[in-house]
**Student:** 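What follows is a single structure, and I will ask about it in a moment.
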Amino acid sequence: MTTDTIAAIATPPGQGGISIVRISGPEAERILQEIFAPASGKTSPPESNRLVLGCLHDGERELDQCMAVIMRGPRSYTREDVAELQLHGGGFLVREALEACLRHGARLAEPGEFTRRAFLNGRIDLSQAEAVMRLISARGEQQHRAALRQLDGGPSQFIRKVSDQLYDLQAGIAACIDYPEEVTEEEGTARLQEGLKLLISTLKSAADERSSRLIEDGLRVALIGRPNVGKSSLLNAMLGEERAIVTNIPGTTRDIIRGELILDGIPVTLTDTAGIRETEDPVEKIGVDRSRKAGREAELALLVLDASEPLTEEDLQLLRDLPDDSAVVLNKTDLAEKITAEDIRSVREGIPCVVCSALEPESLKPVKELIRRHTEVNDRLALTQPRHLESIRRAVGHLEDALRTSATETLDLAAVDLQAAQAALGEITGDQTDERLLDRIFAQFCVGK
Ligand SMILES: Nc1nc2c(ncn2[C@@H]2O[C@H](COP(=O)(O)OP(=O)(O)OP(=O)(O)O)[C@@H](O)[C@H]2O)c(=O)[nH]1
Ligand SMILES: [Mg+2]
């Protein structure tokens with residue numbers, strides 16, 4: 001399908017032990033022969049999939065002593081002939097090697113073009129191609145696991161199974177229309193509706209938006225509260241580093257400060273905020289607005305209170321204003337406690353409340369445990385990637401239309417909805433795609449992959 005030969009540096013820029021330059025296409029082997037001479041002096045074509053030691057040169061000029069391999073298609077990543085050079089890792093050398101490939105007829109690859117070719121040549125489907133990029137950029141265990149499952153073809157198998165069941169329903173409609181003496185319209189409609197309900201519930205339970213968001217984006221936790229209660233100290237203690245400035249002057253933190261930690265394989269973004277209070281200072285005012293916004297936008301808002309002081313009117317107001325699904329952290333329990341969890345619950349019934357001291361790392365366990373409870377995900381989900389969820393939502397919409405249409409109109413009209421659902425599912429595996437969608441997906445890749 002593809003006719004030209006592409007080349008790119010597959011390893012990140014900078015110095016390292018080894019860098020890899022990759023070539024794919026019909027000219028890959030010729031280019032390799034022209035710029036690489038095996039140390040054995042052999043001139044016969046090298047064996048496929050075997051690393052060979054030799055000399056990389058550009059005409060008369062020696063560039064490196066390196067390893068090279070030719071992987072003849074279809075036993076290669078792209079199913080085309082692929083050559084790889086393993087060079088000594090260094091910015092100058094690797095760029096020279098790439099230049100040599102380009103001078104001998106290769107074209108510089110676009111981001112993701114190797115993987116795009118693997119997809120176009122039928123080696124992997126679209127969802128697996130996306131999984132490659134997810135694997136590369138995985139932060140934390142859960143993202144990694146979801147990416148591996150996807151690369152393994154889990155979501156694709158699931159979609160194909162659902163798609164087969166959808167074809168069965170389409171065939172059922174056709175049978176009903178073509179052979180009315182065999183299947184009555186009522187029987188056909190009843191069977192279709194039963195099948196549709198089952199498919200809708202299968203798709204909905206395979207694509208849980210909350211779990212998907214957690215796996216993809218992690219959990220956002222905001223530390224809010226009035227000044228000087230120890231929000232920045234808590235952030236630092238949780239991260240194990242001095243990220244935010246801490247002083248005993250109320251109003252120290254002026255802006256949003258973020259840090260990331262991984263809890264149970266899920267990335268958790270902790271946000272420290274400016275202490276919330278009435279102020280005339282225009283800069284502090286902006287900070288306070290941002291704090292309130294961070295509290296509203298987080299999946300989990302933690303109201304931090306200074307347990308060594310009685311509850312103030314500001315504390316009570318913040319406590320009442322907390323969004324649902326928030327919790328309270330009573331900090332500074334190394335000092336004499338003036339507030340208890342009971343006091344808090346008498347204002348907000350049932351709200352989770354933990355006690356700790358930012359100065360005693362051991363005491364942070366309950367805070368971590370509280371956050372961890374919010375990171376629980378259904379990790380057996382078939383689909384987690386946002387693009388896939390969007391297709392599933394559309395497919396479910398069409399199936400629900402079909403359910404309505406079959407109740408009020410004729411079956412052939414419902415068949416149109418089923419076709420639309422089938423097309424939406426096909427976008428996930430790439431059975432139905434257009435160039436624009438492919439461009440959008442592969443533009444997110446790195447060059448050389
Ligand atoms: N004894 C004790 N002191 C603490 C604890 N946590 C914080 N402090 C002290 O309380 C003061 C304020 O701490 P910060 O972490 O700056 O408080 P903050 O909530 O970020 O304050 P703003 O940035 O002004 O909103 C500092 O002097 C800290 O050392 C704690 O658990 N125990
Ligand atoms: Mg602070």
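Whatever order the structure lists ligands and atoms in, that order sets their numbers, starting from 1. Quick note: numbers below take in every heavy atom, side chains included, and nothing from hydrogens, waters or symmetry partners.
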**Student:** For D272 and S232, does a side-chain donor sit closer than 3.5 Å to a side-chain acceptor?
**Tutor:** yes
**Student:** Starting from atom 16 (O) of ligand 1, locate the nearest protein heavy atom and write down its residue, its atom name and how far away it is, to 0.1 Å.
**Tutor:** T247 O, 3.4 Å
**Student:** For atom 2 (C) of ligand 1, what's the nearest protein heavy atom and its distance?
**Tutor:** L359 CD1, 3.4 Å
**Student:** Is N228 close enough to the Mg ion (ligand 2) that one of its N, O or S atoms comes in under 2.8 Å?
**Tutor:** no
**Student:** What residue and atom, counting heavy atoms only, is the protein's closest point to atom 17 (O) of ligand 1, and at what distance?
**Tutor:** G230 N, 3.1 Å
**Student:** Could you check whether atom CZ of R107 has more than 12 heavy atoms from other residues, nucleotides or ligands sitting under 6.0 Å from it?
**Tutor:** yes
**Student:** State whether the shortest distance between N or O atoms of S233 and N or O atoms of ligand 1 falls below 3.5 angstrom.
**Tutor:** yes
**Student:** May I ask you to identify the nearest protein heavy atom to atom 22 (P) of ligand 1, giving residue, atom name and distance to one decimal place in Å?
**Tutor:** N228 N, 3.7 Å
**Student:** If I apply the N/O under 3.5 Å rule, does A358 come out as touching ligand 1?
**Tutor:** yes
**Student:** Quick check: does C356 get an N/O under 3.5 Å from an N/O on ligand 1?
**Tutor:** no
**Student:** Cut-off 3.5 Å, side chains only: do D417 and H398 have a donor facing an acceptor?
**Tutor:** no
**Student:** Should the proximity of S232 to ligand 1, defined as any heavy atom under 4.0 Å, be assigned to the side chain, the backbone, both, or neither?
**Tutor:** both
**Student:** Looking only at distances, please establish whether an N/O atom of ligand 1 is found under 3.5 Å from an N/O atom of P250.
**Tutor:** no
**Student:** Please state the angle at the Mg ion (ligand 2) spanned by OG of S232 and OG1 of T253: what is it, rounded to 10 degrees?
**Tutor:** 90°
**Student:** side-chain contact (heavy atoms from CB on, under 4.5 Å) for R116 and L438? Distances and angles first, verdict last.
**Tutor:** CA-CA 8 Å; R116 188 175 185 143; L438 294 185; 3.6 Å; yes
**Student:** Under 3.5 Å, is there a donor-acceptor pair between the Q143 and E216 side chains?
**Tutor:** no
**Student:** Does a salt bridge link R220 with E299, judged by any charged N lying under 4.0 Å from a carboxylate O?
**Tutor:** yes
**Student:** Take S233 and N236 through the side-chain hydrogen bond (donor to acceptor under 3.5 Å, both in side chains) test and state the conclusion after the steps.
**Tutor:** CA-CA 5 Å; S233 306; N236 291 347; over 6 Å; no
**Student:** Checking a contact table here: which protein heavy atom is nearest atom 5 (C) of ligand 1, and how many Å away?
**Tutor:** K332 CG, 3.6 Å
**Student:** Please check whether D272 reaches ligand 1 - meaning an N/O of the residue sits under 3.5 Å from an N/O of the ligand, judged on distance alone.
**Tutor:** no
**Student:** Students should be able to answer this: which protein heavy-atom is nearest to atom 6 (N) of ligand 1, and at what distance?
**Tutor:** N331 ND2, 3.2 Å
**Student:** Evaluate side-chain hydrogen bond (donor to acceptor under 3.5 Å, both in side chains) for T78 paired with S24, printing each intermediate quantity in order.
**Tutor:** CA-CA 7 Å; T78 57; S24 179; 2.8 Å; yes
**Student:** Looking only at protein heavy atoms, which one is nearest to atom 24 (O) of ligand 1, and how far off is it?
**Tutor:** G251 N, 2.7 Å
**Student:** Under 2.8 Å from the Mg ion (ligand 2), is there any N, O or S atom belonging to S233?
**Tutor:** no
**Student:** Pick one of side chain, backbone, both or neither for how L335 approaches ligand 1, counting any non-hydrogen atom pair under 4.0 Å.
**Tutor:** side chain
**Student:** Purely on distance, is any nitrogen or oxygen of K231 under 3.5 Å from one on ligand 1?
**Tutor:** yes
**Student:** Counting non-hydrogen protein atoms only, what is the nearest one to atom 1 (N) of ligand 1? Give residue, atom name and distance.
**Tutor:** D334 OD2, 2.9 Å
**Student:** Are R160 and D125 ion-paired here, with the side-chain N under 4.0 Å from a carboxylate O?
**Tutor:** yes
**Student:** Hey, are Y77 and T115 close enough side-chain-wise for a donor-acceptor pair under 3.5 Å?
**Tutor:** yes
**Student:** Run through R149, R213, R134 and flag the one making a side-chain hydrogen bond (donor to acceptor under 3.5 Å, both in side chains) with T384.
**Tutor:** R134
**Student:** Working note: I428 + L126, criterion side-chain contact (heavy atoms from CB on, under 4.5 Å); need CA distance, chi angles, decisive distance, verdict.
**Tutor:** CA-CA 7 Å; I428 296 175; L126 194 55; over 6 Å; no
**Student:** Any carboxylate oxygen within less than 4.0 angstrom of a Lys/Arg side-chain nitrogen, looking at K365 and E362?
**Tutor:** yes
**Student:** Distance under 4.0 Å to a non-hydrogen atom of G275: what atoms of ligand 1 satisfy this?
**Tutor:** 25 (O)
**Student:** Based purely on interatomic distance, does A274 place a nitrogen or oxygen under 3.5 Å from a nitrogen or oxygen of ligand 1?
**Tutor:** no
**Student:** Counting both backbone and side chain atoms, is some N or O of V246 under 3.5 Å from an N or O of ligand 1?
**Tutor:** no
**Student:** Are S308 and E337 close enough that a side-chain donor and a side-chain acceptor fall under 3.5 Å?
**Tutor:** no
**Student:** Is it the side chain (CB and beyond), the backbone, both or neither of N248 that lies under 4.0 Å from ligand 1, heavy atoms counted?
**Tutor:** both
